[in-house]
Asker: 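Here you go, one structure.
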Amino acid sequence: MEPMDLLQRVLDGMFPKVLNLRLIEASTDRVSAEMDVTPEVCTTGSVLHGGAIMTLADFLGASATFLNLPKNANTTTLESKTNFIGAARVGETVVATCEPVHKGGRTQVWRTTIMQADGKPVAIVTQTQMVLE
């Protein structure tokens, strides 16, 4: 099964689907998705909620790790650090791109950059995933 099809099947059965994520790209070195900023995923002032940002990044980091796992292995998030840089508001679309920092046998570290459609940064998330064999 192709990586995009595999990740779409995983997404369809998990919590992040409530964000209405749309996968753009999926490979062993890069996973990206976009998400419309709607009132349901915002905090006061119609600004994208930090929890939605972190859910988006966590899904992408776990997905990228999943695509790099050995047969019969699984993954779980060990640590996630988010730097909030700018706001995304209702009506905008954010694009998230996840790329590897370290792809080891026991842990993998991924950096997800979330940007507004015009290229302005919203957040950078660095996450460590444990490989469970």
Side-chain angles (χ1 to χ4, degrees):
M1 183 178 287
E2 291 294 315
M4 281 286 286
D5 297 330
L6 180 62
L7 292 186
Q8 187 62 55
R9 197 168 99 199
V10 171
L11 174 60
D12 288 343
M14 296 180 70
F15 165 70
K17 74 179 176 182
V18 302
L19 297 177
N20 295 315
L21 305 182
R22 294 179 303 279
L23 290 168
I24 298 169
E25 177 182 3
S27 71
T28 55
D29 287 316
R30 184 181 178 122
V31 177
S32 60
E34 63 182 6
M35 178 179 80
D36 296 327
V37 181
T38 62
E40 297 80 16
V41 295
C42 285
T43 185
T44 57
S46 299
V47 173
L48 183 60
H49 193 284
I53 291 169
M54 294 171 74
T55 299
L56 170 60
D58 186 65
F59 177 76
L60 293 186
S63 295
T65 301
F66 181 74
L67 293 176
N68 285 278
L69 290 175
K71 188 175 182 172
N72 297 321
N74 211 333
T75 185
T76 191
T77 305
L78 282 179
E79 184 268 344
S80 185
K81 178 190 180 299
T82 304
N83 290 97
F84 297 104
I85 299 166
R89 301 190 184 283
V90 168
E92 297 178 348
T93 298
V94 294
V95 178
T97 303
C98 182
E99 297 177 309
V101 175
H102 166 75
K103 293 196 294 186
R106 298 204 184 272
T107 62
Q108 295 187 25
V109 179
W110 294 86
R111 181 177 301 116
T112 302
T113 304
I114 296 99
M115 309 285 276
Q116 295 175 1
D118 65 4
K120 292 180 184 173
V122 174
I124 296 173
V125 180
T126 305
Q127 144 184 34
T128 304
Q129 291 287 130
M130 177 183 273
V131 176
L132 304 169
E133 297 193 55

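FYI, the numbering just counts along the sequence from 1.
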Asker: Which atom pair, heavy atoms only, marks the closest approach of Cys98 to Ala64?
Answerer: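 Closest pair (atom of Cys98, atom of Ala64, distance): SG-CB, 4.2 Å.
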
Asker: Starting from Val47, walk the hydrophobic network (Ile, Leu, Val, Met, Phe, Trp, Tyr; side-chain heavy atoms closer than 4.5 Å) and list everyone else you reach, by chain and number.
Answerer: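 None; Val47 is a cluster of one.
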
Asker: Decide whether Val125 and Phe84 are clustered together by the hydrophobic rule: side chain heavy atoms of Ile, Leu, Val, Met, Phe, Trp, Tyr closer than 4.5 Å, transitively.
Answerer: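 Shared cluster, yes.
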
Asker: Holding to side chain to side chain donor-acceptor pair (under 3.5 Å), I want the full list of residues that pass it with Thr65, two or more places apart in sequence or in another chain.
Answerer: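 Once residues adjacent in sequence are excluded, the partners of Thr65 under the side chain to side chain donor-acceptor pair (under 3.5 Å) criterion are Trp110.
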
Asker: Quick one: side chain to side chain donor-acceptor pair (under 3.5 Å) partners of Thr75, sequence neighbours excluded?
Answerer: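 Result, side chain to side chain donor-acceptor pair (under 3.5 Å) vs Thr75: Gln129.
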
Asker: For residues Ile24 and Leu7: do they belong to one hydrophobic cluster (side chain heavy atoms under 4.5 Å, members Ile, Leu, Val, Met, Phe, Trp, Tyr)?
Answerer: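 In one cluster with Ile24: Leu7, no.
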
Asker: When hydrophobic residues are tied together by side-chain contacts of less than 4.5 Å, even through go-betweens, does Leu21 share a cluster with Met115?
Answerer: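 Each belongs to a different hydrophobic cluster.
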
Asker: Any side-chain heavy atom of His49 within less than 4.5 Å of one from Val41?
Answerer: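 Result no, sub-4.5 Å side-chain heavy-atom pair not found.
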
Asker: Just verifying a value: how many Å separate Ile114 CD1 and Leu60 CG, rounded to the nearest 0.5 Å?
Answerer: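 If we round to the nearest 0.5 Å, Ile114:CD1 and Leu60:CG are 7.5 Å apart.
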
Asker: Applying the 4.5 Å side-chain criterion to the ILVMFWY set and letting contacts propagate, would Val122 and Phe59 be lumped into a single cluster?
Answerer: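 Both belong to a single hydrophobic cluster.
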
Asker: Looking at every heavy atom in both Cys42 and Val37, which two are closest together, and how far apart are they?
Answerer: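 Scanning both residues, the minimum pair turns out to be SG-CG1, 3.5 Å.
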
Asker: With Glu79, which residues qualify under side chain to side chain donor-acceptor pair (under 3.5 Å), at least two apart?
Answerer: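 Glu79 satisfies side chain to side chain donor-acceptor pair (under 3.5 Å) with no residue once adjacent residues are dropped.
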
Asker: Got a donor-acceptor contact below 3.5 angstrom from the Gln108 side chain to the Ala62 backbone?
Answerer: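 Looks like no, no N/O pair under 3.5 Å.
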
Asker: Within a strict 4.5 Å, meaning less than it, do heavy atoms of the Pro121 and Thr113 side chains meet?
Answerer: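 A side-chain contact is absent here, since even the closest heavy-atom pair is not under 4.5 Å.
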
Asker: Check the pair Val94, Leu56 against side-chain contact (heavy atoms from CB on, under 4.5 Å), reporting the backbone distance first and the verdict last.
Answerer: CA-CA 10 Å; Val94 294; Leu56 170 60; 4.3 Å; yes

Asker: Can you see which heavy atom on Ala52 is nearest to which on Leu19, and at what distance?
Answerer: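 Distance-wise, the nearest heavy atoms are O-CD1, 3.7 Å.
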
Asker: So which residues get pulled into Met130's cluster when ILVMFWY side chains under 4.5 Å apart are joined, directly or through others?
Answerer: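 The other cluster members (ILVMFWY side chains, heavy atoms under 4.5 Å, direct or chained) are Leu78, Leu132.
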
Asker: Test: salt bridge (charged side-chain N to carboxylate O under 4.0 Å, His left out). Region: residues 91-106. Which pairs qualify, not counting sequence neighbours?
Answerer: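 Pairs touching residues 91-106 that pass the test: Asp29-Lys103, Arg30-Glu99.
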
Asker: If two hydrophobic side chains count as joined below 4.5 Å and joins carry through other members, does Met35 share a cluster with Ile124?
Answerer: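 No, because Met35 and Ile124 fall into different hydrophobic clusters, even though each may have its own neighbours under 4.5 Å.
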
Asker: With sequence neighbours excluded, what pairs up with Asp36 under the salt bridge (Lys or Arg N to Asp or Glu O under 4.0 Å) test?
Answerer: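 With sequence neighbours excluded, Asp36 shows a salt bridge (Lys or Arg N to Asp or Glu O under 4.0 Å) to Arg22, given in chain and number order.
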
Asker: Side chain to side chain donor-acceptor pair (under 3.5 Å) with Asp118: which residues, sequence neighbours excluded?
Answerer: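 Result, side chain to side chain donor-acceptor pair (under 3.5 Å) vs Asp118: none returned.
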
Asker: Could you list all the salt bridge (charged side-chain N to carboxylate O under 4.0 Å, His left out) pairs where at least one residue sits in residues 52-61, not counting sequence neighbours?
Answerer: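 Qualifying pairs, neighbours excluded: none.
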
Asker: If you round to the nearest 0.5 Å, how far is CD1 of Ile53 from CD1 of Ile85?
Answerer: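 Result: 10.0 Å between the selected atoms.
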
Asker: Report the residues that fulfil side-chain contact (heavy atoms from CB on, under 4.5 Å) with Pro39, sequence neighbours left out, ordered by chain and then residue number.
Answerer: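 Testing Pro39 for side-chain contact (heavy atoms from CB on, under 4.5 Å), a comparison that skips the adjacent residues, returns Val90.
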
Asker: Of all heavy-atom pairs between Leu67 and Ser27, which one has the smallest distance, and what is that distance?
Answerer: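 Taking every non-hydrogen atom into account, CD1-O, 3.4 Å.
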
Asker: Run the side-chain contact (heavy atoms from CB on, under 4.5 Å) test against Val18 and tell me which residues pass, sequence neighbours left out.
Answerer: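 Residues passing side-chain contact (heavy atoms from CB on, under 4.5 Å) with Val18: Phe15.
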
Asker: Quick one: side-chain contact (heavy atoms from CB on, under 4.5 Å) partners of Glu133, sequence neighbours excluded?
Answerer: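 With sequence neighbours excluded, Glu133 shows a side-chain contact (heavy atoms from CB on, under 4.5 Å) to Pro70, Ala73, Val131, given in chain and number order.
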
